[in-house]
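In what follows, residues are counted from 1 in the order of the sequence shown. Order of appearance sets the numbers: ligands from 1, and atoms from 1 within every ligand.
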Amino acid sequence: MIKAGICGFGGLGHVHANSLWQLEGVKVAAVCDINPEQLARKEVAFNIEQNANQFDISGSRTYTDFKEMLAKEDLDMLVIALPSDLHSPYSVMAMESGCHVFSEKPMSLDIESCNKMIAARDATGRELMIGQCIRFWPEYEFLFDAIKSGRYGKLRSLIMERLGYHSLKDPNNWFNQPERAGGALLDLHVHDVDWVQSTLGTPKRINASGVMRENGGLDDSTSIWNYDGMYATIRASWMYTNPFLMAFKAVFDDATVEYSSRSTPTLTVTSAESLKRDEVEVAKESAYVREMRYFLECIRGERKNTRCTAESSRESIRLALLEKEAILAGI
Ligand SMILES: NC(=O)c1ccc[n+]([C@@H]2O[C@H](COP(=O)([O-])OP(=O)(O)OC[C@H]3O[C@@H](n4cnc5c(N)ncnc54)[C@H](O)[C@@H]3O)[C@@H](O)[C@H]2O)c1
């Protein structure tokens with residue numbers, strides 16, 4: 001039985017407790033949050049319904065101090081679901097104490113701290129995987145297979161969108177502190193940066209524009225990535241006052257594949273020959289369960305982590321930071 005710990009028991013801590021609860025051969029032995037109220041919280045609100053509240057941690061020990069948890073527990077793995085500026089130092093501490101680490105995205109907010117995580121992984125021989133949940137999202141897996149198989153011909157253009165709202169009313173909310181969260185660019189947009197980068201590779205050229213809000217956050221941006229014979233437009237916003245939306249439109253020579261989390265049906269393929277639009281059914285299982293199952297298989301030695309390496313997550317941070325430079329140059 002794998003003994004798991006969770007550090008940071010807010011939204012994503014609850015989501016991962018839920019995934020671990022559903023998976024076999026693992027138990028949540030300990031949970032840590034600096035705020036004891038979070039440890040008592042049963043329910044969390046989350047932008048995409050993923051049944052995040054279906055678990056019972058009444059048998060888990062609770063801590064408000066991470067170092068005390070590491071000292072007292074004999075954990076095999078740790079889930080880091082902390083504010084983003086803490087991912088690197090807490091992941092390093094966890095690996096150095098012998099734990100495999102599953103840490104939330106973004107990997108970190110700068111390359112130097114990503115490098116520290118990779119160095120700790122190499123020095124300790126532990127697994128390090130970043131929670132790039134979109135790589136495991138069934139609709140995005142469908143698109144990945146469509147691109148790699150070439151079954152709709154060549155991909156010509158891709159639009160990725162991720163739109164939500166963060167009010168700036170509460171300056172104490174760490175999401176509104178760019179030095180802690182990285183603004184929408186490194187928090188929200190990085191999901192699609194990571195998916196496009198891990199699917200299509202590093203682009204030949206990046207153009208990006210965006211706006212900075214009063215708190216210094218780059219909270220609305222559009223970037224265009226150029227590849228040989230195709231381009232991707234990646235757009236994100238924390239200033240979009242409608243319910244959360246994630247979507248893509250992929251134009252191939254022989255078909256257009258479209259997904260929108262707010263449409264019915266959500267995923268369709270329209271043939272270029274007949275113009276007939278077909279609904280596509282994909283697995284209903286949560287991407288958070290799928291990514292955690294993959295991580296467990298890696299740490300049990302049942303597979304090598306080829307699908308979500310730390311190096312690949314670091315490349316996503318590098319590209320997002322290049323976009324940031326381009327946006328700042330244009331403001
Ligand atoms: N993969 C996804 O779809 C997704 C979605 C949302 C957020 N995230 C990421 O997950 C991470 C957490 O986001 P969230 O929405 O759960 O935030 P949150 O604010 O809801 O939760 C963070 C928790 O960490 C706790 N905390 C802060 N400092 C601590 C410390 N030193 N020791 C112990 N606990 C501490 C806070 O009290 C809080 O409960 C972020 O990096 C975010 O970018 C990922």
Of all the atoms in ligand 1, which lie at a distance below 4.0 Å from a heavy atom belonging to P106? 43 (O)
Are the charged groups of E311 and R314 less than 4.0 angstrom apart, N to O? no
Numbering the atoms of ligand 1 from 1, which are under 4.0 Å from a heavy atom of Y288? 1 (N), 2 (C), 3 (O)
For P83, the ligand 1 atoms whose distance to one of its heavy atoms is below 4.0 Å: 22 (C), 24 (O), 27 (C)
Candidate with minimal heavy-atom separation from atom 1 (N) of ligand 1, of M246, E104, R180, H16: E104
Ignoring hydrogens, just give me the one of I134, D187, L82 whose non-hydrogen atom is nearest atom 32 (N) of ligand 1. L82
Among F9, W21, F102, which one satisfies ring pair (Phe, Tyr, Trp, His ring centres under 6.0 Å) with H16? F102
Under a 3.5 Å distance rule, please check whether D76 uses its side chain to pair with a backbone N or O of K3 as donor and acceptor. yes
So do the side chains of R262 and P243 get within less than 4.5 Å of each other, counting heavy atoms only? yes
I need the contact type for H87 against ligand 1. Using non-hydrogen atoms and a strict under-4.0 Å cut-off, is it side chain, backbone, both or neither? side chain
Option nearest atom 40 (C) of ligand 1 (shortest heavy-atom distance, choices W137, F175, W174): W174
Per-atom contacts, ligand 1 versus C133 - under 4.0 Å to a heavy atom: 1 (N), 2 (C), 3 (O)
Hey, do the aromatic rings of W238 and F244 have their centres closer than 6.0 Å? no
Residue pairs meeting salt bridge (Lys or Arg N to Asp or Glu O under 4.0 Å), one or both in residues 237-258, sequence neighbours left out, come to R156-D253
Only heavy atoms count here, so choose which of L109, D85, N35, D33 is nearest to atom 36 (C) of ligand 1. D33
Distance under 4.0 Å to a non-hydrogen atom of H191: what atoms of ligand 1 satisfy this? 1 (N), 2 (C), 3 (O)
R307 and E141 ion-paired at < 4.0 Å: yes
Taking heavy atoms and a distance under 4.0 Å, where does L86 meet ligand 1: side chain, backbone, both or neither? side chain
